[in-house]
Each structure stands twice: as structure tokens, then as C-alpha cells.
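A short worksheet on the structure shown next.
Here, residue 1 is the first one in the sequence, and each next residue gets the next number. All ligand and atom numbering here is 1-based and tracks the order in the structure.
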Amino acid sequence: MVDLSGQYQKIKPQIDAAIMEVIESTAFINGPAVQKFQKNLENYLGVEHVIPCANGTDALQIALMSLNLSPGDEVITTSFTFVATVEVIELLKLKPVMVDVDPLTFNINPDEIRKAITPKTKVIIPVHLFGQCCDMESIMSISKEHNLWVIEDNCQAIGADYKFSDGSVKKAGTIGHIGCTSFFPSKNLGAYGDGGAIFTNDEQLAEAQRYIVNHGMVVRYYHDMVGVNSRLDSIQAAILDIKLSHLDEYAKARNEAANYYTEKLKPVAKINTPLKAPFSTHVFHQYTLIADGFSRDELIKHLSEKNIPAMIYYPVPLHLQKAYAHHGYREGDLPITEALSKTVFSLPMHTELTSEQLEYICNSILEFTT
Ligand SMILES: Cc1ncc(COP(=O)(O)O)c(C=O)c1O
């Protein structure tokens, strides 16, 4: 699904030198490489504060911890996402309220958010799934109307641009009160291990988050709040800093591959190609199709026989997972999410796809569907 080796080979001298520099400096934790990457990411995103941390799951958890919520407070989010989004809500004894998505963008439907608001609702977590922003203008207006926090789960859409109706543009993850991202190796901005970051323009939240990532420690060995140990290590920061300078070029390569897939597969009546929302650029973390009238599993088997990987993100929506059964959701509660989980499949998507590979993949799909 990804070709991390091919991508590394292209920037090997810089990466190897950056890793060696950290090793020789022995500044493994919170060294200058972390601060340099933090500043460069702040500039790239146009956001006041980036707080690096250990992974995207921690970023979401720390974001929630910084909001002084109480057990039982409700957090509205999507069920069509990676488990981390809902897991952290549960871990903090908050209540996840999962609502349905838009069938074309796969992203949370603002009308469904409105319907789910109760006096206990405190937070909305929109997830920019597969690399494209949610309808943030509507979500921010709901947030304003009902005085709710918005934490963007931007683990899959770093680098995407959101265009407001007045023409202004902001980077994904910098629109809500807090944004969270993951630097998991296969992400669009991937480290060579785990990593994550929190973004905010709110000085007070940033201060709290900086303490929380470091055991709630304000002065050495004085702990003013309960925190965690969640750090981005210097080697990962040095690698990410180099890859950040290539992020837009990586998004371009992903878009070129996506355009190729779409051009070849759009004419197939039984396949729905991804819709690009007018208000967002797409950075194609995943290229995800809908099988409309044929067996997705049979196609995946056919592709696998031709050595082509295909994945299902996500086969079981979170409201129907065993771990969350105590919330009482039933099959049929979120019909669009449930239908998507039975019909979506994702094709290989990365920065190193060649036209030969793309042609081979598309021809293999056409063989099966026509
Ligand atoms: C939507 C979403 N949220 C959260 C995460 C968690 O990130 P991490 O794996 O870095 O903890 C991921 C990535 O795996 C993700 O795709």
C-alpha cells in the first residue's frame, strides 16, 4: 500500500546526515532538532503553537485533557474512523456520541452533529478522513452557537487546505480550537517510528498541553496537573523536518496518482470514485472507492492474485465494535457509515507510484468489473 523505501532512497543523504547529527549531539530528548521542527511546522501551518508528542493517539488524548472536562461529558464524533479517535474519549471517561457521515466525502455530517447536541455536549471531534477536510465552516458555526470545543483529528490530512466561503484559506488542523496529527510512518508526513503533534492558536491551551505532555510538570519535580509522558524524540524530529520540506511535493505526487485512478475508473458504472469537496484540497492519505453492485471481497481476492494489495478502511464501524457495545448502539443506527463499511476499499497510494504500476492496477480492476 505504501513504498517507504523508495521515498527514503530519494532523500537518503540528508536523512542519514540528520540522524547522525542527533546521535553525535546525544540530545536525544527535546534537543534542538525538536525545537527546529516545531518552529518549521508552525510556519508551514500558519499556527501559533505546535506541541510535539509521541503519537497521534496521545495528541488526541492530551487535547481532551487540556479542556478540563468532567466524566460523562459528551463528545460528538464519527464512527467511521480509526479507533484512536473514540478510544481516547472512552479512556478519559467521557461519552462518545457517534453520528453518521456524508456518503460522498465519508466525513462527519454537520446536520447529524446538530441533532446529537444535548446539555452535556462539550466537544466535537471532526476527523478529516482519507486526506480531505470536513465541512469546517458549518462545524465552527455549530460550535459558536452552542459554545462547544472543536478538536480536529487531522491525522490523515496534514497539508490539506480548507477554503472558507469568503475565500480565505487555512491549513487543516488549524481551524478548530485544537488540531491533532500523527507522524506514523505511513502517514503523509511520516516519521521512521511513532510521532504526533497538537496545534493550537490558544496560548492558554498550548501552555496546559506543554505541561501535560511532560507529566504535568510546571517547575522541575512540581506537578500542577496530572500529565503523561509523551515526547517526540529528536531523531524523529530531525527526519520529519527534512520530510516537511517535501510535504507539498508529496501531496502533488499523491494527487497525480489519484487523478490517474479516477480517470481510468470513473467510467466504470459499478465503481464510485472519491468526491473532492469544493471547500477542501485533498491530500489523498488514502484513495478509497465504493463497490456499487459487485463483491468487494472478490475484487480484493482478484487483485491479491495479481500481487496488488487493497485494504478496507474500516470494515467495522466503531459504534458496532465489541469494546464500545456498552453504549447500546445497534446495527441500523448509522446507516450510511454501515453501508460504507461494507462497500469501501482502498488502493495503493503513496508518493512513488509509477505510471506502469498505476496502469497495471487499473487494468486489473477493469478486467474484473467489465
Ligand atoms: C484518524 C486517525 N486518528 C488517530 C490516529 C492515531 O495516530 P497514531 O497511530 O499516531 O497514534 C490515526 C492513525 O493511525 C488516524 O488515522
Residue pair Gln209 / Thr200, side-chain donor-acceptor N/O under 3.5 Å: no
Connected-component partners of Val50 among ILVMFWY, side-chain separation under 4.5 Å: Phe37, Leu41, Tyr44, Leu45, Val47, Ile158, Phe183, Leu189, Phe199, Leu232, Leu240, Leu244, Leu247
Whether Tyr162 and Phe164 hold their rings parallel, tilted or perpendicular, with breakpoints at 30° and 60°: perpendicular
Under 4.0 Å from ligand 1, counting heavy atoms only: the protein residues, by chain and number: Asn55, Gly56, Thr57, Leu60, Thr81, Phe82, Ala84, Thr85, Val127, Asp153, Cys155, Gln156, Ser182, Lys187
Remaining members of the apolar cluster that contains Val2, side-chain heavy atoms under 4.5 Å: Leu4
With His319, the side chain to side chain donor-acceptor pair (under 3.5 Å) member among Arg330, Glu338, Glu331: Glu338
Pairwise side-chain hydrogen bond (donor to acceptor under 3.5 Å, both in side chains) hits with a residue in residues 213-223, at least two apart: none
